[in-house]
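Note that the coordinates shown come from a computational prediction; the quantities given were computed from them, not determined experimentally. Throughout, numbering of the chain's residues begins at 1 and tracks the sequence.
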Amino acid sequence: QVQLVESGGGSVQAGGSLRLSCVASAYTYSRDCMAWFRQAPKKEREGVAAMSRAGYRYYANSVKGRFAISQDYAENTLYLQMSSLKPEDSAMYYCAADLCPNSYGSRWAERRQYNYWGQGTQVTVSS
């Protein structure tokens with residue numbers, strides 16, 4: 001089993017920055033693909049960014065140029081650096097992991113691709 005624990009959320013003004021962290025309890029091949037999702041109240045959970053162990057990175061159009069995903073494999077930690085934050089970025093942010101499926105580049109934002117999820121960390125951006 002892979003356990004994921006997110007941290008780093010908080011309240012920030014528009015234009016500010018936050019860095020989210022997701023620590024995996026143990027390394028397995030289940031974490032070859034890892035992603036960040038977010039869910040705002042009354043909205044569907046949506047993919048924000050993802051990366052594979054091979055180093056490919058994917059981003060939602062709404063965050064391209066503002067968010068950056070990275071991993072520290074030695075520390076079993078996934079990061080999401082968020083800059084130029086907007087009020088519409090406010091949401092609960094979740095870390096997800098699983099084996100990399102075929103055609104991951106076109107499937108990374110599908111919730112069903114991930115069986116392992118963290119409990120989430122709240123991000124609130126005020127205008």
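A distance-only check finds a donor-acceptor pair linking the side chain of Arg107 to the backbone of Asn102 [under 3.5 Å]. Side chain of Thr77 to backbone of Glu75: a donor-acceptor contact under 3.5 angstrom is found. The backbone N or O of Val125 sits less than 3.5 Å from a side-chain atom of Ser90, completing a donor-acceptor pair. Asp32 contributes no side-chain N or O that, together with a main-chain N or O of Leu99, makes up a donor-acceptor pair within less than 3.5 Å.
Partners of Arg111 under the salt bridge (charged side-chain N to carboxylate O under 4.0 Å, His left out) rule, at least two apart in sequence or in another chain, do not exist in this structure.
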Item to complete: Would you check, one step at a time, whether the test side chain to side chain contact (heavy atoms under 4.5 Å, CB included) holds for Arg53 with Cys33?
Response: CA-CA 6 Å; Arg53 186 168 176 80; Cys33 276; over 6 Å; no
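Enclosure of atom CD in Gln119 is not indicated, since only 12 or fewer non-hydrogen atoms of other residues, nucleotides or ligands lie within 6.0 angstrom. Within 6.0 Å of the CD atom in Gln3, the count of heavy atoms belonging to other residues, nucleotides or ligands does not exceed 12.
Two residues are said to be in side-chain contact when any heavy atoms from C-beta on lie closer than 4.5 Å; Arg112 and Pro101 fail this criterion. Residues Leu80 and Tyr93 meet the side-chain proximity criterion, which asks for heavy atoms closer than 4.5 Å. Using a 4.5 Å cut-off on side-chain heavy atoms (C-beta onward), Ser7 and Thr121 make no contact. The shortest distance between side-chain heavy atoms of Arg66 and Asp89 falls below 4.5 Å. Side-chain contact between Glu6 and Ser21 is absent, with no heavy-atom pair separated by less than 4.5 Å. Using a 4.5 Å cut-off on side-chain heavy atoms (C-beta onward), Leu78 and Ile69 make contact.
Using the six-membered ring where Trp is involved, Tyr114 and Trp117 have ring planes that are perpendicular, over 60° apart on the 30 and 60° scheme.
If you check the side chains of Gln71 and Arg31, you find a donor sitting under 3.5 Å from an acceptor.
Annotation: cation-pi geometry satisfied between Arg19 and Tyr79 (NZ/CZ under 6.0 angstrom from ring centroid, within 45° of ring axis). Relative to the ring axis of Trp108, Arg57 does not place its NZ or CZ within 45° and under 6.0 Å from the centre. A cation-pi geometry, defined here as NZ or CZ lying under 6.0 Å from the six-membered ring centre and within 45° of its normal, holds between Arg45 and Tyr94.
Annotation: the span from Met82 atom CE to Leu20 atom CG amounts to 4.0 Å, rounded to 0.5 Å. For the atom pair Leu85 CG and Ser126 OG, the distance stands at 10.5 Å (nearest 0.5 Å). Taken from OG in Ser83 to CG in Leu18, the straight-line distance is 9.0 Å, to the nearest 0.5 Å. Atom CE of Met34 is separated from atom CG of Asn76 by 8.5 Å, given to the nearest 0.5 angstrom. Ser11 OG to Gln122 CD: the interatomic distance, rounded to the nearest 0.5 Å, is 8.0 Å.
Listed here is the closest heavy atom pair of Ala40 and Ala91: N-CB, 3.8 Å. Contact record, Tyr59 with Phe67: CE2-O, 3.3 Å, taken as the closest heavy-atom pair. Taking each heavy atom of Phe37 and Ala109 in turn, the nearest pair found is CE2-O, 3.4 Å. Nearest approach of Glu46 to Arg38, heavy atoms of both residues: OE2-NE, 2.7 Å. Of all heavy-atom pairs between Gly47 and Ala60, the closest is O-CB, 3.5 Å. Heavy-atom minimum distance, Val63 versus Val48: CG2-O, 3.5 Å.
Linking ILVMFWY side-chain heavy atoms closer than 4.5 Å, directly or via other members, places Tyr104 and Tyr56 in a single hydrophobic cluster. Residues Tyr116 and Trp36 are members of one and the same hydrophobic cluster, defined by side-chain heavy-atom contacts under 4.5 angstrom among Ile, Leu, Val, Met, Phe, Trp and Tyr.
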